[in-house]
Amino acid sequence: MNKVMINRIKGTQDIAFEDIEYWHFAEEAIRNISHKYAFTEIRTPIFEATELFKRSVGESTDVVQKEMYTFEDKGGRSITLRPEGTAGVARAFIENSFVNLGSPVKLFYNGPMFRYEKPQAGRLRQFHQFGAEILGSESPLADFEIIEMAYSFLKELKINKAKLFINSIGCPVCREDYKTALKEYYSDKLPGMCPDCQRRYETNVLRLLDCKIDKELVHGAPGILEYLDSDCRSHFEELQWYLQRAGIEYEVDQFLVRGLDYYTRTAFEIRSSSLGSQDQLVGGGRYDGLVEYIGGNSCPAVGFAIGLERIVMLLKSENVKINGPETSEVAILAFGREESVRGFDYARRLRKMGVSTFVDVMERNMRNKMKHAARIGAKISLLIGKEEIERDIVTIKVMSDGSQFQVDSDYMADYVVDKLRDIS
RNA sequence: GUGGUUGUAGCUCAGUUGGAAGAGCGCCUGACUGUGGAUCAGGCGGUCGCGGGUUCGAACCCCGCCAGCCACCCCA
């Protein structure tokens, strides 16, 4: 290629043909599940004021500090491509006064998110998340429904090798006590720890818990569950009770902390062992402080986000059966100008009856037209040449057995529809 | 941002010690002025990722950059 080539932006992908079928499959499951759970869709802008993410996701988080696509628009405003979905939903909830709809409000979204990261297996710069949020309920029932919904989404997609981990990170009050205890535990060990951990000791102590380098130390660290106050504790216990009653298997992981600042109490992840290093399929939890944090009236909420690229990876590796590509049913092969006019006329009639119709727009010989019709999987080909025009007929060829019929052009559509029904 | 690894035709890849850029598949065309997954023939398609260096000579050796993949950090 001697032209100057412009390539995809790093960490993005083009999805077409066979690949797109996996996405259709997943997107259909999203609509199904959301409808069954009576969640309604919300579409928020792909970009928002930078401040929204700083305040919701958290100034000290990696996402905000080094992963945001931020730019200034021509009016001098700081704009950011959304790195996650919850902040926008919470903003929309406040801005449109969805509280007036009555609690709870159950919303879902599905769309692209952007993070400036180094791409690897299961991680892109533009990726897609399906998320659901329940706003207005403080009850562990809401936590339970969110987890159950994520769980049955995976079930609907026949993804079985997935494991649920839950934890409670308490409320801002009891979490402070825990942080103090953690700092105390780590204080004398700090000099021997990795540079990242030394940094995290100051910025975000909780993150010391999932350090992969100094993992030995974690075993002796105090667990957060012992520090929960009675409300947080009973919230967590109730959630587990509901999970058990529903027969949903889970594991309590005391060292599960989420990277985003807005989480309170319940935190959960669903991971898959057959995914590679980025094994987290679903992440979610409760964020009781967020709505107030970004300027609304206090409103408890809980939600999840599911990474669709990772879902698609699993569908592929687990050989989940998806629908085949939609092929056209009829191919119209016409020679010459008058014949082509007739061909387009037939196509209009067939499409009106709901038949997927391919019109060949290459001026080539019959052999090559036929070859292409076969290639795209047409079930029936319509041949229109000089003879057909003169006698006002059409030649209909059934591709599967090669049989051919000549039909008056007036009966073409009915005949084709009948034939399609016969051979399907 | 750090580390490992890989970049040759649209795809999969060969290319000897540094000595004329290739194959298969695909695409387009023709044999067959009107019949498909077959056959045969022809054609399109390459700044060998980009830039520099070494050399009489570089796809091959050296350096830098870019991109893909994998891992770390972190996350979905």
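Letters A, B, ... are given to chains in the order of the sequence lines, protein chains preceding strands, and every chain is numbered from 1.
- Shortest non-hydrogen contact noted between A:C171 and A:C232 is N-SG, 3.4 Å.
- Here the separation of B:C44 from B:U29, taken at their P atoms, is 15 Å to the nearest Å.
- When heavy atoms are screened at a 4.0 angstrom cut-off, A:L333 is found touching no nucleic acid atom at all.
- A donor N or O paired with an acceptor N or O is found under 3.5 Å between the base of B:G34 and the side-chain atoms of A:E388.
- Nucleotides B:C48 and B:G34, compared at atom P, are 42 Å apart to the nearest Å.
- The interatomic distance linking A:K371 (NZ) with B:A31 (C1') rounds to 13 Å, in whole Å.
- Taking side-chain N and O atoms only, A:Q278 has a distance below 4.0 Å to OP1 or OP2 of B:C72.
- Looking at heavy-atom distances under 4.0 Å, A:E67 makes contact with sugar-phosphate atoms alone, never a base.
- One P atom belongs to B:G36, the other to B:C28, and the distance between them is 15 Å to the nearest Å.
- OP1 and OP2 of B:U35 both lie 4.0 Å or more from every side-chain N or O belonging to A:Q404.
- Rounded to an integer number of Å, the gap from A:H372 NE2 to B:C28 P is 7 Å.
- The gap from the C1' atom of B:U47 to that of B:C40 amounts to 35 Å, rounded to the nearest Å.
- If you find the closest nucleotide of RNA chain B to A:R8 and to A:G307, the one lying nearer the 5' end belongs to A:R8.
- Counting non-hydrogen atoms under 4.0 angstrom, A:A373 reaches nothing in the nucleic acid.
- The environment of OH in A:Y411 is sparse: at most 12 heavy-atom neighbours from other residues, nucleotides or ligands sit within 6.0 Å.
- Annotation: B:A59 and B:C50 have their C1' atoms spaced 14 Å apart (nearest Å).
- A:T266 and A:S168 form no side-chain donor-acceptor contact under 3.5 Å, judged by distance and modelled atom types alone.
- Regarding contacts with the backbone of B:G1, every side-chain N or O of A:K66 stays at 4.0 angstrom or more from both OP1 and OP2.
- In a base pair of the Watson-Crick type (N1 to N3 plus N6-O4 or O6-N4) or a G-U wobble (N1-O2 and O6-N3), with each distance short of 3.5 Å, B:C60 is matched with no nucleotide.
- The separation between A:M362 atom CE and B:U29 atom C1' is 10 Å, rounded to whole Å.
- Distance CZ (A:F304) to P (B:A76): 13 Å, rounded to an integer number of Å.
- No N or O donor and acceptor, one from the side chain of A:K386 and one from the base of B:G34, sit under 3.5 Å apart.
- Along RNA chain B, the nucleotide closest to A:E363 and the one closest to A:S400 are compared, and the more 5′ of them pairs with A:E363.
- Under 3.5 Å, the side chains of A:S272 and A:D279 contain no donor-acceptor pair of N or O atoms.
- Computed from coordinates, the A:K10 NZ to B:C50 P distance equals 18 Å when rounded to whole Å.
- When Watson-Crick and G-U wobble pairs are counted only if both distances are under 3.5 Å, B:U16 pairs with no nucleotide at all.
- With respect to A:D253 and A:K163, no salt bridge is recorded, no charged nitrogen being found less than 4.0 Å from a carboxylate O.
- Using a 4.0 Å heavy-atom distance criterion, A:G284 is classed as making no nucleic acid contact.
- The interatomic distance linking A:F108 (CZ) with B:A76 (P) rounds to 20 Å, in whole Å.
- When the side-chain nitrogen and oxygen atoms of A:Q280 are compared with OP1 and OP2 of B:A76, one or more of them lie within a distance under 4.0 Å.
- Between the side chains of A:N32 and A:E156, at least one donor N or O lies within less than 3.5 Å of an accepting N or O.
- Nucleotide B:U47 forms a pair with no other nucleotide shown, judged by Watson-Crick or G-U wobble geometry with both contacts under 3.5 Å.
- Nucleic acid contact for A:G283: sugar-phosphate only, since backbone atoms but no base atoms lie under 4.0 Å from a heavy atom of the residue.
- Going from atom CE of A:M399 over to atom P of B:G37 covers 9 Å, rounded to whole Å.
- Annotation: cation-pi pair A:R82/A:F114 absent, no NZ/CZ under 6.0 Å from the ring centroid and within 45° of its normal.
- In this structure, A:G402 reaches the bases: a heavy-atom distance under 4.0 Å links it to at least one base atom across the strands shown.
- Listed nucleotides: B:C32, B:G34, B:A76. Nearest to the side chain of A:R367: B:C32.
- Side-chain nitrogen and oxygen atoms of A:N368 include at least one within less than 4.0 Å of the OP1 or OP2 phosphate oxygen of B:U29.
- The partner of B:U55 cannot be assigned: no Watson-Crick or G-U wobble pair with both contacts below 3.5 Å exists in any strand.
- B:G24 is paired with B:C11 under the Watson-Crick or G-U wobble criterion, all donor-acceptor distances under 3.5 Å.
- Comparing the same atom, C1', in B:A9 and in B:C25 gives a spacing of 12 Å after rounding to whole Å.
- Distance noted for atom C1' between B:G51 and B:A58: 15 Å (whole Å).
- Contacts of A:V282 with the nucleic acid, taken as non-hydrogen atoms under 4.0 Å apart, involve only primed sugar atoms and P, OP1 or OP2.
- Across all strands shown, A:L308 has no heavy atoms under 4.0 Å from either base or sugar-phosphate atoms.
- Taking atom P in both B:U2 and B:G64, one finds a spacing of 14 Å when rounded to whole Å.
- Of the side-chain N and O atoms in A:R364, one or more sit less than 4.0 angstrom from OP1 or OP2 of B:C28.
- Across all strands shown, B:A71 pairs with B:U2; the Watson-Crick or G-U wobble distances both stay below 3.5 Å.
- Base pairing of B:A38 is not made with any nucleotide, judged by Watson-Crick or G-U wobble geometry with both donor-acceptor distances under 3.5 Å.
- Neither side chain, A:T357 nor A:Y346, offers a donor N or O lying under 3.5 Å from an acceptor on the other.
- Between A:K118 atom NZ and B:U5 atom P there is a gap of 13 Å when expressed in whole angstrom units.
- Between A:Q120 and B:A71, a side-chain N or O to OP1/OP2 separation shorter than 4.0 Å is present.
- The phosphate of B:C70 has neither OP1 nor OP2 within less than 4.0 Å of any side-chain N or O from A:S277.
- No side-chain donor from either of A:E148 and A:Y242 sits under 3.5 Å from a side-chain acceptor of the other.
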